[in-house]
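Indexing begins at 1, ligand by ligand and atom by atom, following the structure's order. The structure displayed is predicted, hence computed values, not measured ones.
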Amino acid sequence: MMLRWLVALLLAASMPLAQAEPALRVLTTFSILQDFTMQIGGERVAVSTLVGPDEDAHAFDPRASDIRRLKNTDVVILNGLGFDPWIARMVAAARYRGAVVSASRDITPLPASHADDEHPTAGHHDGHEHHHDADVDPHAWLDVKNAMAYVRTITAALAAADPAGAAHYQRNALAYLARLDALDAKLKSTLAALPAHQRTVVTPHNAFGYFARAYGLRFLAPAGLSNEATPSAGAVAALIAQLRQLKVERVFIETIADDRLIQRIREETGARIGGALHADALSTRGDANSYTALMEHNLQAIAGAAP
Ligand code: ZN
């Protein structure tokens, strides 16, 4: 009996805590930024995201209900680099007056054409350029060192909006940055040991420019930087010829991209599907439900240890 009362008392005491308002309400443009912000903010911050796991930010078209979500928001965190240009229109439409932070602020952007100069990408000539800042590659988070810069920028933004929580954010960020640093070292050492024929990776959309530069790989993609780009028949034929010449053994699919071209390349080159890579979104299917899990998944897929 005493024990039951004690449990009831403890439950009652913990309730106001559970119902307490978060110190900050943050809205991010896509799922990877949501994860970064949750790692830093912990229980002090309520973080929601406009483009969720398994969804494509390139194709996002905000509705009125999305714009209304800005009303209860203290800080908006976006990627920038042309990845999520729709957030600027939403901020204007909602007359939002809170902080707006570009997480990629301190990184050095790669030019959009970086992937490969001889690479027959036709993605930017099909009229979809308006979805992109055509000059830079937006997928900067796939280099872990860039992700660490994102984390520092988000930490500073949370501390500025909630100075009473600054020490809490700093502490969480330091622990998370240490994990990211270890992840970066693991990616570098594992991928440096790969044989040459595994260093060319074919994916549906050209999201891996930063990843390729950071970890010494070469990525080829039949589509351009955005999932909406459709390459010409000639571009696809040239890519297939190149893959035959390079004796590429494996091609990869992506969870949110159109894989029809990859299937055709697989048939025409005899390459096999090496697994699914994640680039622009976390996944609810367990193997990429956080940024670190996403990078570990891609590492295992490319290094050949995964299904
Ligand atoms: Zn993308």
Side-chain angles (χ1 to χ4, degrees), residues 28-36 49-62 77-88 102-104 107-116 119 121-144 146-147 150 201-215 217-231 235 239 251-262 275-284 288 290-291 293-295 297-298 301-302:
T28 65
T29 53
F30 75 115
S31 54
I32 290 169
L33 296 180
Q34 181 184 31
D35 180 41
F36 290 159
T49 187
L50 288 161
V51 180
D54 304 309
E55 292 175 359
D56 184 1
H58 293 296
F60 183 63
D61 191 8
I77 297 171
L78 61 123
N79 183 72
L81 307 176
F83 184 69
D84 38 18
W86 33 262
I87 190 69
S102 175
S104 68
I107 70 109
T108 305
L110 281 181
S113 57
H114 162 80
D116 212 325
H119 160 205
T121 287
H124 282 290
H125 305 290
D126 66 353
H128 286 294
E129 291 98 313
H130 59 278
H131 283 295
H132 262 277
D133 184 341
D135 296 334
V136 295
D137 179 344
H139 307 92
W141 61 87
L142 290 171
D143 174 347
V144 180
N146 285 344
Y150 279 36
V201 181
V202 183
T203 57
H205 98 290
N206 194 3
F208 291 90
Y210 295 88
F211 186 88
R213 186 189 57 169
Y215 305 111
L217 300 171
R218 180 189 204 189
F219 279 76
L220 301 173
L225 286 165
S226 154
N227 284 328
E228 291 179 44
T230 308
L239 177 61
V251 293
F252 291 83
I253 54 174
E254 268 178 67
T255 45
I256 61 166
D258 185 337
D259 289 318
R260 280 173 297 183
L261 277 165
I262 287 290
L277 299 181
H278 300 277
D280 289 8
L282 300 181
S283 172
T284 51
S290 69
Y291 172 77
L294 177 152
M295 297 301 283
H297 168 91
N298 287 351
I302 292 167

Inset, instruction - With the Zn ion (ligand 1) at the centre, find the angle made by NE2 from His139 and NE2 from His58, to 10°. - result: 110°
Inset, instruction - Decide yes or no on ring-ring contact (aromatic ring centres under 6.0 Å, His included) for Trp86 and Phe60, but give the supporting numbers first. - result: CA-CA 8 Å; Trp86 33 262; Phe60 183 63; 4.5 Å; yes
Legend entry - Atom name in Asp280, limited to N/O/S, at shortest distance from the Zn ion (ligand 1): OD2
Inset, instruction - Tell me whether Asp56 has at least one N, O or S atom under 2.8 Å from the Zn ion (ligand 1). - result: no
Legend entry - Any Leu33 side-chain heavy atom under 4.5 Å of Thr49 side chain: no
Legend entry - Aromatic ring pairing Phe208/Phe219, orientation class (parallel under 30°, perpendicular over 60°, tilted between): parallel
Inset, instruction - Please assess Phe30 against Phe83 for the test ring-ring contact (aromatic ring centres under 6.0 Å, His included), listing each intermediate value before the final yes or no. - result: CA-CA 10 Å; Phe30 75 115; Phe83 184 69; 4.8 Å; yes
